[in-house]
Amino acid sequence: METKEPQKTENYDPKVDEPKWQEFWHDNNIFKFDPNSKKEIYSIDTPPPYASADHLHVGHGMHYSQFEFVARFQRMRGKNVFFPMGYDDNGLPTERYVEKKYNINKSKTTRADFIKLCLQETEKTGKTYQDLFNQLGFSVDWDLLFHTISDDARRVAQLSFIDLHEKGRMERTDNPTSWCTTCQTTIAQADFENTDVKSHFNDIIFKCGDQDLIIATTRPELLPACVALFHHPDDKRYKELKGKKARVPLFDYEVPILTDESVDIETGTGLMMVCTFGDKEDIEKWRKYKLDSRIVLNENGTLNDLARRFVGMKTKEARKDIIAALQAAKLLINQKEISHPVNVHERCGTEIEFMQKQQWQIKILDKKEDLIKIANKVNWYPEHMKTRYEHWVKNLQWDWGISRQRYYGVPFPVWYCKSCGKVLLPDKKDLPVDPREQAYKGNCSCGSTDILPEMDVMDTWMTSSCSPQINADWGGAGERKNFIPMSLRPQAHDIIRTWAFYTIVKSYYHTKGVPWKDIMISGHGQDPHGQKMSKSKGNFIIAQDVIKKYSADAFRFWAASVKLGDDLPYQEKDVLTGQKTINKLWNASKFSMIHLQDFDAALADKIVHLQVMDKWILSRLHRLIKLCTDSFDVYEYSKAKMETEKFFWGTFCDYYLEICKDRLYNPDKRGQEARVAAQFTLYNLLLTTIKLTAPIMPHITEAIYQAYFAAKDCHKSIHVSHWPEAVKSFIDEDAEKTGDLVVEIIGAVRKFKSEKQVSLKKPIKLVIECDKDQQKRIESALDDLKATTTAAELTFGNGTIELENSKVKVSIELVEEKQ
RNA sequence: GGGCUCGUAGUUUAGCGGCUAUAACGUCCCGUUGACGUCGGGAAGGCCCUCGGUUCGAAUCCGAGCGGGCCCACCA
C-alpha cells in the first residue's frame, strides 16, 4: 500500500493540520486491528455511550481522551491494539430521549412507529459521536464499531439470556418490584437516584374501638391500600392492642394490628401503617405475615376504585385531597413539614412505586460473596474504586430485574405455552429472534400449539453488560476465541454499580472468569467552579466548541492534567497552556531540524564523542523514559505528561537548546566533532520527546515526525513507531552532577543580568570560586558554559565558598563593549 | 446516618516520612538573544484546613473535628 504524503507546511496550524493528519491516519489504516498478527493483543472494552444526546460536554471528552492515551501508548509498545467504538442505542435512555424530543410517549404511538423514530435518532447521535471522536483524534478502528441494537448484539444478549436460563440463574417471578409510572416499566435498583423532596409527616387518627390510634405517614394517599398496623412488641403504649383491629379512616374497613421487631419505637408515634406497597418495608411485612393485598395504584400512577371517590387521581393530587378530607373529618391532628430523600428513576425523576408484575430476574443476591471475590481478580486503577464496587454488592437488596415493558430494546428470546405455562426457548443457532414478530418453531412438549410471545424487552444493561462478548462476537461467524478477558475496561466512576458490576456478573455466570484484566476508572469533568455540568444549570461546556476554538491536542493536554479517577474542573487557561505547548514543540523542532539537515543518524551512533552537557541531558532523558513508561503502564498518564512537559520546556528548551547553539552555529570555532555531538544529542532528544508526547498530543507530534523523522526512524506514523527504551548505559550520574552545576551557574548569570536589567547577550567577566573537584567539572564543560553565559573571560578563584545549592561562589562583572 | 475521596500560593495543581515545599496561569519588574513575543530572564506570593498523637524529624503516618465532592441508606 502506498503511503499518502500530506503536504509539508512551514507553519503548524491545528485548524488545518489536525484534520489533515486524521485523514492521513484513516487513509493509511494506522489504527486497524490486525486479526492475523502474532503480536500481543491489547483489547479495550470501550464504553458505548448512550445514543441520547445532541452534544457532548468537556467531561465526556476528558474521560474518553484518558483511555485513548493508553491505546496509543500500548500501540507504540508494539501491541496489536483492539480499540472498538460502540453505541448503546437500545433501551430506555434512547426511548426517553425520543419521547422528550418529540413530546410523545409510548402509549400514544405504535410500537413500529416508535422503534422507527428511535432508530432514526440513534443514527443521528451516532454521527454526532463519530464527529467528536474523530475531531479528538481518536485512534479507534471504526471497522469494529458495534451498536447494541444490532443483530449481533441482540444475538449475544439473547445467548446470554439462554445460557443463564440453562444455568439456573434466570427466574420468572411476580414479586413486587420497583416501577416507574412515567416510563411505565419495571426498573432495577441500579436505575434509582436519590433526591430530596419536601413533604409532610401527617398524624392521622385510626379507630380501635373507641380508642384513637395515631399513625404518622408521608403517604396518606395510600390509606386505601393499608393492610395492617404494626408496632414494636416491647412498646408499652400499644401492648394491649395485640390481636385487635383498627379501622382505616375515610375508607372504613378493618386491618389487623401486629407487632414486629423492625418497628422503631422512636419514629413517629411508634405505630406504622403497612400498605401494598409504599416501600420496601411494606413488601417484607406483606411477605412475612402473608398480609392481604390492596393494590390501589395503576401502572400510570393513578388510583383505582379502591380509592373510592379519589379514583382516577394521580398520587400527588390524591394526597392533597385526602388530607383535605381528613382535615374536614377532624381526623388529621398534626402536620409537620419535612424534607426527606426519595428514590426516583434516574431517567425521568419520577418517584419509584412498587408493582406486582410478572418479570424476569437474574439471581444475584445469593452470590454476593462470589461476586466480590471475582472482582478481586481484576486490577482496579485507582484501587480505591474497588471499594465502591464492594459496598454496592454488599448493600444489594434486589435481584436484577431485567424485564422492561417497553418497545425499543432487545426482545426476550422467550415464548410461553398457553395451556401448560411452559417457557419455550429458541434454538441458539436461530438467534437473534423476535417473538413479538415471529412464531415459535414447533409445538410445546405438552402438545399444545397455543403459544404466546413474551412482549417485554430486556433492560439496556442486559446488552451492554455483554460488551466483552459482543467484541468477541460470541456465537457469531467470526467468533474470537480466547479474547476474554479483555485487557482493559475504561469507564467513569458513576457507573461502577451498573456497567462494571453487571459485566462482572455476566462474565462470572457465563465462564466463572473475569471480563478484563484491568479496569481504569475516570473522574468527571466539572465546570470551572467544580460543579457538575448540566444543561439546566447552564454550565454545560460543549467539547467541540473548545476543540474548534483551540485544538484537539490542546483539549487533550487539559484532559491529561488530572490523575486517573479525580474530578477535574474545566479551566480554559489549561487548554491555552496546551496550545502554547503545541507552538513551542513546533518551534523547538523547527530549530532542531534546521541544524539536523546534514546529520546522518545511522553513522552518528558510532563516531560521536559526546560532551559532558550532552551526556548530562541524555542521562536525564533516559530517566524520563523510564518514568513515563512505568507511569503509563499503571495508567498514570498525567504523571507522564507532566514530567515530559517539564523536561521539554524547562530542561530541553530553556537550557540545552541554549547550551548547544554555539556548537551548532560555530563549528569553525568549536570543532566539527562538537557539532556532531550536539546534533546526535538533539536528534535523540527531540525524537524521544515527541514520542513520549505522542499519546497525549497525537497531531503535533505526527506533524513533527513526518517533517523530519519518518524517513530516518522508518515508520509510517509516529503512532506505530517504537516507544523509546530506557537504556541504562545512558544514565551517567557524574555527568548529571557536572551538568547541574553548570546549569546552576548559568542560572546565577541570568539572575545577575536580569537584576542589572541588561540583555542576556551582554558579555561578562566570570570568576568562580570552588574546590578542585568542581573546577574539574566546570572545566569539562567550559566552552559550553562560556558560550551560554556570553562570558568574555572566565577564571577560577581559590578555596571553597559556601553559597547556594552547590556551594560555589560566582562573581560576575559586566564587560564594557568596545564600540 | 454509613462509606469512599479530597482539602497545599489568587486559581488549577506536584510532592505522600527529612530539601530554603513543585509547577503552570494570573500579578509585578526586566530583555530588539540568529526556534519561538503563543517568547526569554527575574521577583513577589504558602500557619501545606483545625486540634491532638506517633517520630530525632510530619504537608506527608495515626486519631478526632471542620469543610467540599461522589456513592449508599433513611419514604412508617
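The shown structure was predicted, so the numbers you read here are calculated from the model rather than taken from an experiment. Below, chain A is the first sequence line, B the second, and so on; all start at residue 1.
Residue-to-nucleotide contacts include a donor-acceptor pair under 3.5 Å from the side chain of Ser754(A) to the base of G41(B).
With C1' as the reference atom, C49(B) and G67(B) are 8 Å apart, rounded to whole Å.
Distances shown here put every side-chain N or O of Lys639(A) at or beyond 4.0 Å from the OP1 or OP2 atom of U22(B). Between Lys394(A) and the phosphate of G2(B), there is no side-chain N or O to OP1/OP2 separation shorter than 4.0 Å. Regarding contacts with the backbone of G40(B), a side-chain N or O of Trp649(A) is found under 4.0 angstrom from either OP1 or OP2.
Across all strands shown, A43(B) forms a Watson-Crick or G-U wobble pair with U27(B), both key distances being under 3.5 Å. Base pairing of A9(B) is not made with any nucleotide, judged by Watson-Crick or G-U wobble geometry with both donor-acceptor distances under 3.5 Å.
Not one N or O on the side chain of His391(A) forms a donor-acceptor pair closer than 3.5 Å with the backbone of Arg388(A). Judged by distance alone, the side chain of Lys753(A) and the main-chain N or O of Val758(A) form no donor-acceptor pair under 3.5 Å. Panel note: side chain Ser754(A), backbone Arg750(A); no donor-acceptor pair is recorded below 3.5 Å.
Counting non-hydrogen atoms under 4.0 angstrom, Phe230(A) reaches nothing in the nucleic acid. If you check every strand for non-hydrogen atoms under 4.0 Å, Lys753(A) touches nothing.
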